[in-house]
Amino acid sequence: MAQSVKGTRDLFGGELDWFQRIEDTVRRAFHRHGYSEIRTPILEEIEVFKRSVGESSDIVHKEMYDFFDKGKRHVAMRPENTAGVVRAVIQHQMLATSDPQLLYYIGPMFRYERMQAGRYRQFWQIGAESFQVSTPESEAESLVMLYDFLRELGLTQLTFSINSVGTPECRPAFHEAFRAFFADREAEFCEDCHRRIGENPLRVLDCKNARCQAALEGHPVLVDFLDPASREHHERLKEILTSLGLPFEENPRLVRGLDYYTRTAFEVLSTDLGAQSALLGGGRYDGLVKQLGGPQVAAFGWSIGLDRLVTLMQQLHGKAPRQAPPVLIPLGPAATLKALELARAWWAAGLEVVLETRGAKLKNALTTANRQGAPLALILGDGELEQGVVAVKDLAAGTQETWALATVQERLLDRR
RNA sequence: GCGGAUGUAGCUCAGUUGGUUAGAGUACUGGAUUGUGAUUCCAGGUGUCGCCGGUUCAAAUCCGGUCAUCCGCCCCA
């Protein structure tokens, strides 16, 4: 039997209900805030990712879902969407004016990884990217949008971790101080950290190894090395978030897995997700657009793991609330024809109604209606047809009454 | 990329040191009830025991390979 490709899965039923509910909620939030959707290709030239995400990152050297197409082009399935959005923004000259560009995306991403709960080779992300806005106020606006729609979805126990990773100008001084700190207690760090200290010292800070975390006690703090403008930026952001009541904590060891971040970096972890605890993350990336061949512009963005958000929602709220429509059950050819006419009018009026078209016996029709969670069964037999009524059974209560046909549409509309 | 487990009915799972025709609950189908579901009673399919190969008189059981899933590491969403 054919099976879905390793690490991919089919979405349907109760799980898809949550995907759709979240997508609806998030789209409304984006539109309220003036963000426009962008849809970029799943396939990009691999260079787009190598040049943005960073050669040294695991995403590029280990997890890229790449291949050569029939034209011998080296392409990759996008492992994240920021690089593609930046490529598109440059390609279509969307930064020709100095106006802000506020964009969002919802779509599948691909990473070639070992399977584990909450980690898939095809997974879904929702993300926002804003260009040509550089203020801490703009970051706060984006974070508040994020926080508010998560609250709207019923997630109330979230805390943002934030940090500033500085700029390419002030980072060398930190690297120097940090390498000196590292050298003093080299033996206490793990093998991986010895590798990291050479190619990407920041990554030592978020090593999961408990010994390394202990060894980091008293380490030089990035924020102390910020240039005055970056420091002011960071302080102002915290001030705004505090005054808005958005729960956050400063985490001096927070760094991100992608190389392009500058100044603000943040993430949200959830202990309810097992080992794959990252729910969302993002930050500022003022150098990336230029790095990919565009103008020097400010940029800020984040992405959230939709699959993991769904997992959380299921843990918190169980099944997505969904009201099945009433079922119209005609008995016999004459009633069936009439039922088609009636249902057609109701559909045109915007009502949700399922029509029993199998010619099933009433017993079976009711069994099916009950199984699908229909609140009402509207039974139309020859007797009802003759009297111009329909028998309406409340499947939860087990009660039954008779409605005049002429009033059914209105009464169904009232029930919504 | 590294390490450890699991795979039996649609679902959740039993299955003895290898032994005859493979089980339970639930779900499903039909009937008791030809126009009344969910509750009750009766009857009934429930199946390539993941797949391929090997050992054996005999394999769901032992061995090898393979695929898939799960857990940990790395990393991330």
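Lettering follows sequence order; numbering is per chain, from 1. Since we're looking at a predicted model, the values are computed, not measured.
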If you look only at distance, which donor and acceptor atoms sit under 3.5 Å apart when one is on a side chain in residues 319-346 of chain A and the other is two or more places apart or in another chain?
{"from": "A:Arg322", "atom 1": "NE", "to": "A:Asp17", "atom 2": "OD1", "distance (Å)": "3.4"}
{"from": "A:Arg322", "atom 1": "NE", "to": "A:Asp17", "atom 2": "OD2", "distance (Å)": "3.0"}
{"from": "A:Thr336", "atom 1": "OG1", "to": "A:Gly332", "atom 2": "O", "distance (Å)": "2.7"}

Considering only distance and modelled atom types, tabulate donor-acceptor pairs under 3.5 Å from the side chains of residues 361-380 of chain A, sequence neighbours left out.
{"from": "A:Thr367", "atom 1": "OG1", "to": "A:Lys363", "atom 2": "O", "distance (Å)": "2.9"}
{"from": "A:Thr368", "atom 1": "OG1", "to": "A:Arg358", "atom 2": "NH2", "distance (Å)": "3.0"}
{"from": "A:Thr368", "atom 1": "OG1", "to": "A:Asn364", "atom 2": "O", "distance (Å)": "3.1"}

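The P atoms of B:rG72 and B:rC62 are separated by 27 Å, rounded to the nearest whole Å. B:rU12 and B:rC70 are spaced 13 Å apart, taking the P atom of each and rounding to whole Å. Spacing between B:rU20 and B:rG31 at atom C1', rounded to whole Å, works out to 35 Å. Only the C1' atoms considered, B:rU56 is 9 Å distant from B:rG18, to the nearest whole Å. Comparing the P positions of B:rU33 and B:rC42 gives a spacing of 16 Å, expressed to the nearest Å. For the C1' atoms, the distance from B:rC73 to B:rC57 is 47 Å, rounded to whole Å. With both ends at atom P, the span from B:rG30 to B:rA38 equals 12 Å, rounded to whole Å. Rounded to whole Å, the separation between the P atoms of B:rG10 and B:rC74 comes to 39 Å.
If you look at A:Tyr104 and A:Phe30, their ring centroids are closer than 6.0 Å.
A search for side chain to side chain donor-acceptor pair (under 3.5 Å) contacts involving A:His194 returns nothing, not counting sequence neighbours. Among residues two or more places apart in sequence or in another chain, the ring pair (Phe, Tyr, Trp, His ring centres under 6.0 Å) test is passed with A:Phe248 by none. Taking A:Glu44 as the reference, A:Arg87 meet the salt bridge (Lys or Arg N to Asp or Glu O under 4.0 Å) condition, with sequence neighbours excluded. Every residue two or more places apart in sequence or in another chain that forms a side chain to side chain donor-acceptor pair (under 3.5 Å) with A:Arg253 is listed here: A:Gln213. A:Arg111 is linked by a side chain to side chain donor-acceptor pair (under 3.5 Å) to nothing, counting only residues two or more places apart in sequence or in another chain.
Spacing between atom CZ of A:Phe49 and atom P of B:rA77 amounts to 14 Å, rounded to whole angstrom units. Nucleotide B:rA77 holds its P atom 6 Å from the CD1 atom of A:Ile59, rounded to whole Å. Distance A:Tyr261 OH to B:rC76 P: 11 Å, rounded to the nearest Å. Atom CG of A:Asp206 is separated from atom C1' of B:rC76 by 11 Å (rounded to the nearest Å). The OH atom of A:Tyr120 sits 11 Å away from the P atom of B:rU69 (whole-angstrom rounding). Rounding to whole angstrom units, CZ of residue A:Arg256 and P of B:rC76 are separated by 8 Å. Between A:Trp302 atom CH2 and B:rC76 atom C1' the separation is 17 Å, expressed in whole Å. Remark: P of B:rC76 and OH of A:Tyr260 are 12 Å apart, rounded to the nearest angstrom.
Evaluation of the salt bridge (charged side-chain N to carboxylate O under 4.0 Å, His left out) test over residues 384-408 of chain A, restricted to residues two or more places apart or in two chains, returns A:Glu401-A:Arg411.
Scanning residues 158-168 of chain A for heavy-atom distances under 4.0 Å to RNA chain B yields an empty list.
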Generate the contact string for nucleotides 33-44 of chain B. Rules: B means base contact, S means sugar-phosphate contact only, - means no protein heavy atom under 4.0 Å. --BBBS------

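The one candidate from A:Glu15, A:Arg9, A:Gln125 that meets the side-chain contact (heavy atoms from CB on, under 4.5 Å) condition with A:Asp307 is A:Arg9.
The two atoms that bring A:Arg171 and A:Val165 nearest to each other are NE-O, 2.9 Å, heavy atoms only.
For the residue pair A:Asp10 / A:Ser4, no side-chain donor-acceptor distance below 3.5 Å is found, with atom types taken as modelled. For the 3.5 Å distance criterion, the side chains of A:Thr264 and A:Arg284 fail to qualify, holding no donor opposite an acceptor.
With respect to the salt-bridge test (charged N to carboxylate O, under 4.0 angstrom), the residues A:Arg203 and A:Asp206 qualify. Using a 4.0 Å cut-off between a side-chain N of Lys or Arg and a carboxylate O of Asp or Glu, A:Arg256 and A:Glu80 do not qualify as a salt bridge.
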So what's the dot-bracket for RNA chain B: Watson-Crick or G-U pairs under 3.5 Å, [ ] if a pair crosses, | if it pairs off-strand? (((((((..((((.....[...))))((((((.......))))).)...(((((..]....))))))))))))....

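Relative to the six-membered ring of A:Tyr112, A:Arg121 meets both conditions, a distance below 6.0 Å and an angle of at most 45° to the axis.
Within 4.0 Å of A:Gly282, counting heavy atoms only, lies no atom of the nucleic acid at all. Within the nucleic acid shown, A:Arg111 comes within 4.0 Å of at least one base atom, counting heavy atoms only.
An aromatic stacking contact links A:Phe123 with the base of B:rA77, defined here by ring centres under 5.5 Å apart and ring planes under 30° from parallel.
Interface remark: the A:Lys62 side chain does form a donor-acceptor pair with the B:rC74 base, using a distance-only criterion of under 3.5 Å. Looking at A:Arg119, its side chain has no donor and acceptor atom pair within 3.5 Å of the base of B:rC70. Counting distance only, with no hydrogens placed and no angle test, the side-chain atoms of A:Glu113 and the base atoms of B:rA77 include a donor-acceptor pair under 3.5 Å.
Along RNA chain B, the nucleotide nearest A:Val5 and the nucleotide nearest A:Glu80 are compared for position; the residue whose nucleotide lies closer to the 5' end is A:Val5.
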Just the atom pairs and distances: protein N or O near nucleotides 2-5 of chain B's N or O, under 3.5 Å.
{"from": "B:rG3", "atom 1": "O6", "to": "A:Arg114", "atom 2": "NH2", "distance (Å)": "3.3"}

